[in-house]
Amino acid sequence: MPPNLNSEDYYEILGAPRGASDDELKKAYRKLAVKWHPDKNPDNEEATKNFQKISEAYATLSDEKKRRIYDQYGKQAADQMGDGAEGSTFGGAGGPGFHFGGGAPGGSGMHMSSEEADLLFSHIFGNGDPFGGSFGGSRRRSGNPHMSFNMGGGGPRGSGMGMDPLSMMFGGGMPGGSMGGGGMGGSMGGFPGGSMGGMPGSFSNGSFRQPAKRYNAIPAGTVVSLKGLVSKPERNGDRGEVVDYDPASGRYTVLLEDEGEHLRVKPTNILQHVHVTLHGIEARPELNGRRGTVMAWNGSKERYNIYVMDMSKVVSLKPANVVLENETVGHIIGLQSKPELNGNWGTIKSFDRQAGRYEVQVSRDQILRLKLENVVV
């Protein structure tokens, strides 16, 4: 059942049946916590409240004793159960050792603070990358962009980083299948834009013809979040993976995480959770060279929110301080010398640190040298 954040019932909030297992509850929490995390939704008070509500629901249901009281007598009884001297241990939230202070004076009920919600989030995800991720294997490929193999590890988009904790949501079941179970970017009659089990291209005179490479289209397998949808606003913030791009309509097909649902969306409705390297930060030079994942774009401040993996922290940075990884397809903006190029998309081929410029390929024959602030995702 879908989550209902307007409900006061903890199971309905998480979208889980009352008989859900610990793993099912954790899976529901992870998905919703990433969607509504305040750092992924800057300047959004509703997201902050939802994040706390989701965390509070999981905090109770992941505690075996509190869940039993909640199931029998309801929320107030579970709240008044008390935490004792040590607090409530979340055995179901990742093992012993995590304690939640909870509870308001006089037994008026548990209301999780934003700090406690962040603590629970950090405990569940540890040092992983909850905002980008591999969805069960390496996603960015060389060669055929529609062909992937799940090796049961590897980092987001083939970078060699640690596996995204949310990859277990798919169990390796995203486009491309897994070794020993499908393999060729889909199944017979599978995703749009494919043939012969989802592999693009065609056979002619007994030979396979590879389709022409597109430099202005986000590759299949890129992890994205949806934004700005008007017809389906409930899907904004949901995460998924690009399946293909239709140049005739200018729309992408995105397979939603854990849903099996495909949506066709415009490029402006996609935020790419790509990997980056922090660069040129004078105020905090210790951040330079660290790796991170784009988790949000704050349009009012024109800054990225970047999740820094080895620090498990979020920093807000201008595009001039963020180097997008090679093979990322970026949006060209803010050019004054050649304004006619603004609005185009191109593939980042390399970054010249000394000059502070990308080499961006926009077609087979055209490569542009652009500043960091002129290419965004």
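Values in this document were obtained by computation on a predicted structure and should not be read as measured data.
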Under 3.5 Å side-chain donor-acceptor pair for D71 and Y11:
yes

Residues that S249 engages under side chain to side chain contact (heavy atoms under 4.5 Å, CB included), provided they are two or more places apart:
D246, R251, R264

Kindly check if the number of other-residue, nucleotide or ligand heavy atoms within 6.0 Å of NZ (K301) is above 12?
no

Test of understanding: with side chain to side chain donor-acceptor pair (under 3.5 Å), list the residues that count as partners of S7, not counting sequence neighbours.
E12

For Y245 and Y252, take the angle between the two ring planes, folded into 0 to 90°, and tell me which bin it lands in: parallel under 30, tilted 30 to 60, perpendicular over 60.
tilted

Go through the structure and list residues passing salt bridge (Lys or Arg N to Asp or Glu O under 4.0 Å) with E286, not counting sequence neighbours.
R284

Sequence neighbours excluded, which residues qualify as salt bridge (Lys or Arg N to Asp or Glu O under 4.0 Å) partners of R353?
none

Would you please name every residue forming a side chain to side chain contact (heavy atoms under 4.5 Å, CB included) with P17, sequence neighbours left out?
A20

Qualifying residues under side chain to side chain contact (heavy atoms under 4.5 Å, CB included), relative to E282, sequence neighbours excluded:
none

Taking atom CD as the centre, does E261 end up with more than 12 heavy-atom neighbours from other residues, nucleotides or ligands that are less than 6.0 angstrom away?
yes

In chain order, what residues pass the ring pair (Phe, Tyr, Trp, His ring centres under 6.0 Å) check against F351, with sequence neighbours excluded?
H279, Y358

Take R214 and D244 through the test salt bridge (Lys or Arg N to Asp or Glu O under 4.0 Å) and record every step on the way to the result.
CA-CA 11 Å; R214 299 194 65 89; D244 73 356; over 6 Å; no

Restricting to side chain to side chain contact (heavy atoms under 4.5 Å, CB included), what partner residues turn up for N288, sequence neighbours left out?
I281, P285

Pair listing, salt bridge (charged side-chain N to carboxylate O under 4.0 Å, His left out) test, anchored in residues 361-377, at least two apart:
D352-R369, E359-R369

Which residues share a salt bridge (Lys or Arg N to Asp or Glu O under 4.0 Å) with E45, sequence neighbours left out:
K49

Apply salt bridge (Lys or Arg N to Asp or Glu O under 4.0 Å) to D118 and list each qualifying residue two or more places apart in sequence or on a separate chain.
none

In chain order, what residues pass the side chain to side chain donor-acceptor pair (under 3.5 Å) check against R68, with sequence neighbours excluded?
none

